Amino acid sequence: MAEINWELFDTQVEACRLCPLCQRIRHKVPGQGDRNSPLMLIGEGPGEHEDEQGMAFVGAAGQLLTKMLAAIQLPRERVYICNVVKCRPPGNRVPLPEEIDACRIHLRIQTWLIQPKVIVLLGATAAKALLNPEIRITRERGIWTERKGIWMMPTYHPSALLRDESKKPAAWEDMKSLREKLITLGLYPDIYGT
Ligand code: URA
């Protein structure tokens, strides 16, 4: 079996034709950030700006995400950020279950390479794909679950916060809870800039 490494991951994502999403994109968006980070953030899928630049969370939602991380003293460069699907769904629609399943192999390899201690699931799509297909984000956000030694928490997607400001206090509670979790796991100050 070929050794799994980042080079292989990058090549496989670039060459991937496992679902039709790649037919209408400008760039694949594998994810980026600190590959040694104990913290991984997983969103839904690339939008227009991400597709243009080949980078995850660089549009308005990404800017808000950067601010949310900064609010708990986490420099964005110290975490790893990616999406459930690596190609932009047309018109930013929610990726279909078969597209998510086709792309799962890439996310598995990515998670295996990073070996995160904590994963934050940004929005219902990521939470359904990785935690529980029946999850209701409004009810179950902020709840921690341990799976195979990895602590996972769903929270609102930053785009949802941009659409509905009334969700922001709950999202702030989740960010504080994330900070507490990192401290409890002894990952502070490793992951922080100071
Ligand atoms: N929304 C996502 O879920 N991911 C991105 O990369 C950008 C917007």
Side-chain angles (χ1 to χ4, degrees), residues 9-10 13-14 16 18-19 21-22 24-35 37 39-71 74-111 113-114 116 118-133 135-138 140-142 152-165 167-168 170-171 174-175 178:
F9 168 79
D10 289 338
V13 170
E14 205 43 53
C16 181
L18 290 172
C19 86
L21 284 183
C22 58
R24 294 173 56 184
I25 58 164
R26 274 174 283 191
H27 293 105
K28 302 268 173 120
V29 182
Q32 80 274 354
D34 182 351
R35 291 174 167 183
S37 182
L39 173 60
M40 194 171 172
L41 305 183
I42 306 179
E44 179 175 300
E48 186 185 1
H49 297 286
E50 289 75 22
D51 179 58
E52 231 165 58
Q53 298 180 41
M55 308 269 282
F57 281 99
V58 290
Q63 284 163 25
L64 177 57
L65 182 61
T66 306
K67 279 193 203 155
M68 290 161 69
L69 292 169
L74 254 183
R76 181 181 159 137
E77 322 74 71
R78 302 290 290 264
V79 309
Y80 190 85
I81 305 179
C82 65
N83 286 300
V84 167
V85 295
K86 315 301 187 206
C87 295
R88 182 192 182 197
N92 296 345
R93 66 161 167 73
V94 176
L96 302 172
E98 55 270 32
E99 292 160 351
I100 293 173
D101 282 340
C103 214
R104 217 176 264 279
I105 181 69
H106 301 309
L107 191 57
R108 279 213 184 109
I109 292 176
Q110 211 164 19
T111 310
L113 285 166
I114 292 166
V118 176
I119 295 181
V120 173
L121 301 161
L122 299 167
T125 303
K128 284 177 197 231
L130 286 144
L131 262 185
N132 167 11
I135 208 164
R136 298 275 300 275
I137 196 81
T138 34
E140 290 168 67
R141 50 140 281 276
M152 303 172 90
M153 178 188 67
T155 188
Y156 288 126
H157 192 288
S159 301
L161 304 177
L162 290 172
R163 283 193 302 268
D164 179 359
E165 294 248 328
K167 292 188 162 79
K168 281 191 175 174
D174 296 348
M175 293 312 287
L178 168 61

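All ligand and atom numbering here is 1-based and tracks the order in the structure. Because the structure is a prediction, the values reported are computed rather than measured.
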Check: every ligand 1 N/O to protein N/O pair under 3.5 Å:
residue  : atom  : partner : partner atom : Å
ligand 1 : 1 (N) : H157    : NE2          : 3.3
ligand 1 : 3 (O) : E44     : N            : 2.8
ligand 1 : 3 (O) : G45     : N            : 3.3
ligand 1 : 3 (O) : G45     : O            : 3.4
ligand 1 : 3 (O) : N83     : OD1          : 3.3
ligand 1 : 3 (O) : H157    : NE2          : 2.8
ligand 1 : 4 (N) : G45     : O            : 3.0
ligand 1 : 4 (N) : N83     : OD1          : 2.7
ligand 1 : 4 (N) : N83     : ND2          : 3.4
ligand 1 : 6 (O) : F57     : N            : 2.9
ligand 1 : 6 (O) : N83     : ND2          : 2.9

- Query: To the nearest 0.5 Å, what is the distance between SG (C103) and CG (N83)?
  - Reply: 9.0 Å

- Decide yes or no for T111 and M40: does some side-chain heavy atom of the first lie under 4.5 Å from some side-chain heavy atom of the second? yes

- With rounding to the nearest 0.5 Å, note down the distance linking CG in L178 to CD1 in I119. 12.0 Å

- What pairs meet the side chain to side chain donor-acceptor pair (under 3.5 Å) rule with one or both residues in residues 43-57, with sequence neighbours excluded? R26-D51, E44-T125

- With K28, which residues qualify under salt bridge (charged side-chain N to carboxylate O under 4.0 Å, His left out), at least two apart? none

- Query: Does N132 have any side chain to side chain donor-acceptor pair (under 3.5 Å) partners at least two apart in sequence or in another chain, and if so, which?
  - Reply: none

